[in-house]
Amino acid sequence: MPPKKTTRSSAKSNKHTDADAQHNKESDDVAQLKSGKRKRSAAVKNDVEKNKNDDTSKASYSHWLMKSEPESRIENGVDVKFGIEDLKALPNQTGCWDGVRNYQARNFMRDMKVGQLAFFYHSNCKEPGIAGLMKIVKEAYVDHTQFDKKDAHYDHSSKADNPKWSMVDVQFERMAKRFISLAELKKYHLQHKAKGGPLKDMALFTRARLSVQPLTAEEFDFVLSLENEDPI
């Protein structure tokens, strides 16, 4: 068993509205098919369910955006501050990404593989945006903070024999060549939404409240290329 790493604290994605959500009022709930009041034949229902399952199975991601708060904020008596500089300061510049309490965000972490890259996104602060990059160095395992009554993210409903929440280990990769702000990303999103482009469906704007978000390779490459461009 590897030595226990210093833990991080991130705001619960289902308990606060971060700076991104102030710009976007999109729900983070997964869109679900609703049958409505009209009756449908069993064959139609089966086709709908089959298509939904097929779409889910096709979704495969290898790049991520993960939000954390770089400024002090006290939650349940604990300061949940954890910015990219805090990650850099940890031994081996590695820490566990604990405290996620949203099922969809948790499921995305469970999909992560060692070696994949993620943007470190500063959230719920004066200027939210992408500060740097990190990589996944340990795949999902049980988040111990769910059982710690003194932790800001304690969950009394989670049981040791059936834990609800998971975390991954991340390692600092590098700082971004320049800070890429939410405001700048939103401009590109609106442009691409109107005329077509890689950020037209970016989860940062379509599922803004999620603290862990998937990125397509096209989205990741475009955002990464912005660090070599002047801000718009």
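Quick caveat: nothing in here was measured; it's all calculated off a predicted structure.
- Leu190 and Ile232 fall into different hydrophobic clusters, where Ile, Leu, Val, Met, Phe, Trp and Tyr side chains are chained together by heavy-atom contacts under 4.5 Å.
- A donor-acceptor pair under 3.5 Å is absent between the side-chain atoms of Gln104 and the main chain of Leu210, judged by distance alone.
- For the pair Glu85/Met175, a side-chain contact is recorded, criterion being any heavy-atom separation below 4.5 Å from C-beta on.
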Requested in this report: Kindly indicate, with the supporting measurements, whether the criterion side-chain contact (heavy atoms from CB on, under 4.5 Å) is fulfilled by Val78 and Asp151.
Outcome: CA-CA 7 Å; Val78 178; Asp151 193 89; 5.8 Å; no
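- Atom NZ of Lys200 sits about 14.5 Å away from atom CZ of Phe205, to the nearest 0.5 Å.
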Query - side-chain contact (heavy atoms from CB on, under 4.5 Å) assessment of Phe220 paired with Leu133 - result: CA-CA 11 Å; Phe220 181 85; Leu133 290 95; 3.8 Å; yes
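- Checked by atom type, the side-chain pair Ser211/Arg106 shows no donor-acceptor distance below 3.5 Å.
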Requested in this report: Please report the C-alpha distance between Phe222 and His192 in whole Å, then the side-chain angles of each, then the deciding distance to 0.1 Å, and finally whether the ring-ring contact (aromatic ring centres under 6.0 Å, His included) criterion is met.
Outcome: CA-CA 12 Å; Phe222 181 85; His192 294 180; 5.0 Å; yes
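- Scanning all heavy atoms of the two residues, the minimum distance from Asn92 to Gln171 falls at O-NE2, 3.1 Å.
- Under the 4.5 Å side-chain heavy-atom criterion for grouping Ile, Leu, Val, Met, Phe, Trp and Tyr, Tyr154 is not connected to Ile74 through any hydrophobic cluster.
- Residues Met202 and Arg207 fail the side-chain proximity criterion, which asks for heavy atoms closer than 4.5 Å.
- A donor-acceptor contact shorter than 3.5 Å is absent between the side chain of Glu184 and the backbone of Pro231.
- Put simply, the side chain of Leu224 reaches to within 4.5 Å of the side chain of Glu227, judged on heavy atoms.
- Separation of atoms OG (Ser62) and CD1 (Ile136) is listed at 11.0 Å; rounding is to 0.5 Å.
- Taken from CZ in Phe119 to CD1 in Ile130, the straight-line distance is 4.5 Å, to the nearest 0.5 Å.
- Atom CG of Leu90 and atom CZ of Phe172 lie 11.5 Å apart (nearest 0.5 Å).
- Between the side chains of Ser157 and Lys164, at least one donor N or O lies within less than 3.5 Å of an accepting N or O.
- Taking each heavy atom of Lys159 and His156 in turn, the nearest pair found is NZ-O, 3.4 Å.
- Under the 3.5 Å distance criterion, the side-chain polar atoms of Ser225 are left unmatched by any main-chain donor or acceptor of Val223.
- Relative ring orientation between Phe82 and Trp97 is described as perpendicular, the plane-to-plane angle rising above 60° on a 0-90° scale split at 30° and 60°.
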Report task. Quick one: do Met167 and Val142 satisfy side-chain contact (heavy atoms from CB on, under 4.5 Å)? Show the steps, please. Result -> CA-CA 6 Å; Met167 61 185 180; Val142 175; over 6 Å; no
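- Under the 6.0 Å cut-off for aromatic ring centres, Trp64 and Phe120 do not qualify, their centroids lying 6.0 Å or more apart.
- Checking side-chain atoms of Arg110 against main-chain N and O of Ser166 turns up no donor-acceptor pair under 3.5 Å.
- Side-chain atoms of Lys126 and Glu71, non-hydrogen and from C-beta on, do get closer than 4.5 Å to each other.
- Considering all non-hydrogen atoms of both residues, Tyr121 and Leu65 come closest at CB-CD2, 3.7 Å.
- Side chains of Asp111 and Glu139 form no contact here, defined as non-hydrogen atoms less than 4.5 Å apart.
- Across Glu229 and Arg178, no two heavy atoms sit closer than the pair O-NE, 2.7 Å.
- Side-chain heavy atoms closer than 4.5 Å link hydrophobic residues (I, L, V, M, F, W, Y) into clusters, and following such links, possibly through other members, connects Leu117 to Leu226.
- Ile84 and Phe179 are members of different hydrophobic clusters when ILVMFWY side chains are connected at heavy-atom separations under 4.5 Å.
- Because its NZ or CZ atom is both nearer than 6.0 Å to the ring centre of Tyr141 and within 45° of the ring axis, Lys138 counts as a cation-pi partner of that residue.
- Nearest heavy-atom pair across Cys96 and His144 is SG-CE1, 4.4 Å.
- Using a cut-off of 4.0 Å between Lys/Arg side-chain N and Asp/Glu carboxylate O, Lys81 and Glu75 are scored as not salt-bridged.
- Two residues are said to be in side-chain contact when any heavy atoms from C-beta on lie closer than 4.5 Å; Leu87 and Met134 meet this criterion.
- When side chains are defined from C-beta on, Ser158 counts as touching Phe147, because their heavy atoms get closer than 4.5 Å.
- Rounding to the nearest 0.5 Å gives a distance of 11.0 Å between OH of Tyr61 and CD of Gln213.
- Between Glu173 and Lys88 there is no salt bridge, since no side-chain nitrogen of the basic residue lies less than 4.0 Å from a carboxylate oxygen of the acidic one.
- Thr216 OG1 to Asp201 CG: the interatomic distance, rounded to the nearest 0.5 Å, is 9.0 Å.
- Under the 4.5 Å side-chain criterion, counting only non-hydrogen atoms from C-beta, His122 is not in contact with Ser68.
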**Report entry** From CA spacing to verdict: side-chain contact (heavy atoms from CB on, under 4.5 Å), Leu204, Leu182
**Finding:** CA-CA 9 Å; Leu204 186 61; Leu182 171 66; 3.9 Å; yes
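- The backbone N or O of Thr145 lies less than 3.5 Å from a partner atom in the side chain of Asp143, making a donor-acceptor pair.
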